[in-house]
Number of protein chains: 2
Amino acid sequence: MTDPLSRTFLALADPTRRAILAQIADGAQTVSAIVAANGLSQPGISKHLKVLEGAGLIRRERVAKTRPVHLDAAGLQKAAGWIDHYRQHWEGAFDRMDALIDQLKAEEAKNGRQ
Amino acid sequence: MTDPLSRTFLALADPTRRAILAQIADGAQTVSAIVAANGLSQPGISKHLKVLEGAGLIRRERVAKTRPVHLDAAGLQKAAGWIDHYRQHWEGAFDRMDALIDQLKAEEAKNGRQ
DNA sequence: GTTAGATATTACCGATAGGAAATATAACTA
DNA sequence: TAGTTATATTTCCTATCGGTAATATCTAAC
C-alpha cells in the first residue's frame, strides 16, 4: 500500500531481484530458466517476480505453457528520474568545486608572480 | 549485513528518507530542523539518518552542539550507476524502435511512389 | 562542576519481507 | 479425459522495518 517510487526502490533493494533483471536485460526468459539460474526455490522466484511486476520493472506474457518475463523500462525510468534530480545537485557541486579549485590556482599563480 | 547497493536502494525505498534527502539537497540541516519538517519523533528521525548514513547517502559533522546533515553524492552515484547500465539497454531499445519506424516510413514512401 | 540543549541509543510493539514446503491452477499432450 | 509440465498461491517460520517512549551521551554555557 506504499507509493510507487518506494515500491520500485524496494524491489531494487534485493540482490536476487537485481540478478533477475540482469538476466532478462538482453531478452525475455521463462520462469524456469530464472529458477535454474538462481539457487532459489520456484515459489521463491515467483514471489520475487510478483514484487518486480508490482514495481513496474517487469512484464509477463503468456506463450503456450510458459510465462516469459520481460524487462519493463517504465519502472526503471521512474527511479532514474528521481535520482537524476539529485545528480544535477551533485554534479553542480562538483562544478562549483572545480571552479573553486581553478580560482585558488589562479590566485596562487598571481601570488607567485608578486 | 547485506551488500552496499541493496542498502542504498533500501534506504531510498522510504518516503520519509527521500524527503530528508530532498530537504538537505540545497544545504546541510540540523537534526532538529529535520525533525521539525517531518512529523516524526526525534528518535525516529535519528533512526532514518542512521540508515541513510549506512547507505552512504549522507554525512554528518559536528558543529558546536549540532550535527548538521549533508547530502553525500557517493551513495547516489552508485545507485545511479547501476540504473544507468539498464538505461543504456532501454534507450538502445528506443533507438532500435526509432530506426525501425524510420525504415517503415521510408518503405512506405517508396511504395507510395510506385 | 552543574545545568540545559541537541542528538543517539535502547527497549518494545505491530506489520511486513524473505524463505521453504505443500498445494492449486492452467495449458499442452497422449 | 487423464497425465504432465509450468507457474502461481497458500501456509508457516524467522528476521527486519518503521514507529514511539524512556533513557543515555555529548557539548556548551554559566
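First the proteins, then the strands, lettered A, B, ... as listed; each starts at 1. Quick caveat, the model's predicted, so the values are computed rather than measured.
- Atom CD of A:Glu53 is separated from atom C1' of D:dA8 by 11 Å (rounded to the nearest Å).
- Phosphate contact (OP1/OP2 of C:dA17, side-chain N/O of A:His48, threshold under 4.0 Å): absent.
- Hydrophobic cluster membership is shared by A:Leu21 and B:Leu5, with clusters built from Ile, Leu, Val, Met, Phe, Trp and Tyr side chains linked at under 4.5 angstrom.
- Between B:Val31 and B:Leu49 the shortest side-chain heavy-atom distance falls below 4.5 Å.
- Checking B:Arg59 against B:His70 by side-chain atom types alone, no donor-acceptor pair falls below 3.5 Å.
- A 4.5 Å side-chain heavy-atom check between A:Trp82 and B:Ile83 finds every atom pair outside the cut-off.
- For DNA chain D, the neighbouring residues in residues 61-70 of chain B, judged by any heavy atom under 4.0 Å, are B:Arg62, B:Ala64, B:Lys65.
- B:Lys78 approaches B:Pro4 most closely through the heavy-atom pair NZ-CB, 3.5 Å.
- In this structure the side chain of B:Pro68 never reaches within 4.5 angstrom of the side chain of B:Arg62, judged on heavy atoms.
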Please produce a list of atom pairs where a protein N or O lies less than 3.5 Å from an N or O of nucleotides 9-15 of chain D.
unit_1 : atom_1 : unit_2  : atom_2 : d
D:dT9  : OP2    : A:Lys50 : NZ     : 3.4

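- Distance CG (B:Leu40) to P (C:dA8): 14 Å, rounded to an integer number of Å.
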Practice problem: Decide side-chain contact (heavy atoms from CB on, under 4.5 Å) for B:Ile34 and B:Gln23; before the verdict, give the C-alpha distance in whole Å, the side-chain angles of both, and the deciding distance to 0.1 Å. | Solution: CA-CA 8 Å; B:Ile34 297 171; B:Gln23 190 181 347; 4.0 Å; yes

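- No engagement by A:Ile45 is indicated, since no non-hydrogen atom pair under 4.0 Å with the nucleic acid exists.
- Neither B:Val51 nor A:Leu12 shares a network with the other; the hydrophobic side chains, linked directly or stepwise wherever heavy atoms of I, L, V, M, F, W or Y lie under 4.5 Å apart, form separate groups for each.
- Between A:Arg60 and A:Glu53, at least one side-chain nitrogen of the basic residue sits less than 4.0 Å from a carboxylate oxygen of the acidic one, meeting the salt-bridge criterion.
- Listed by residue number, A:Asp14, A:Arg17 are the residues of residues 10-19 of chain A with a heavy-atom contact under 4.0 Å to DNA chain C.
- OP1 or OP2 of D:dT20 sits under 4.0 Å from a side-chain N or O of B:Ser41.
- Between B:Leu57 and B:Leu71 there is no side-chain heavy-atom pair separated by less than 4.5 Å.
- A 4.5 Å side-chain heavy-atom check between A:Asp14 and A:His48 finds at least one atom pair inside the cut-off.
- Between C:dA8, D:dA8, D:dT20, one nucleotide has an atom nearer to the side chain of B:Leu49 than all others, and that is C:dA8.
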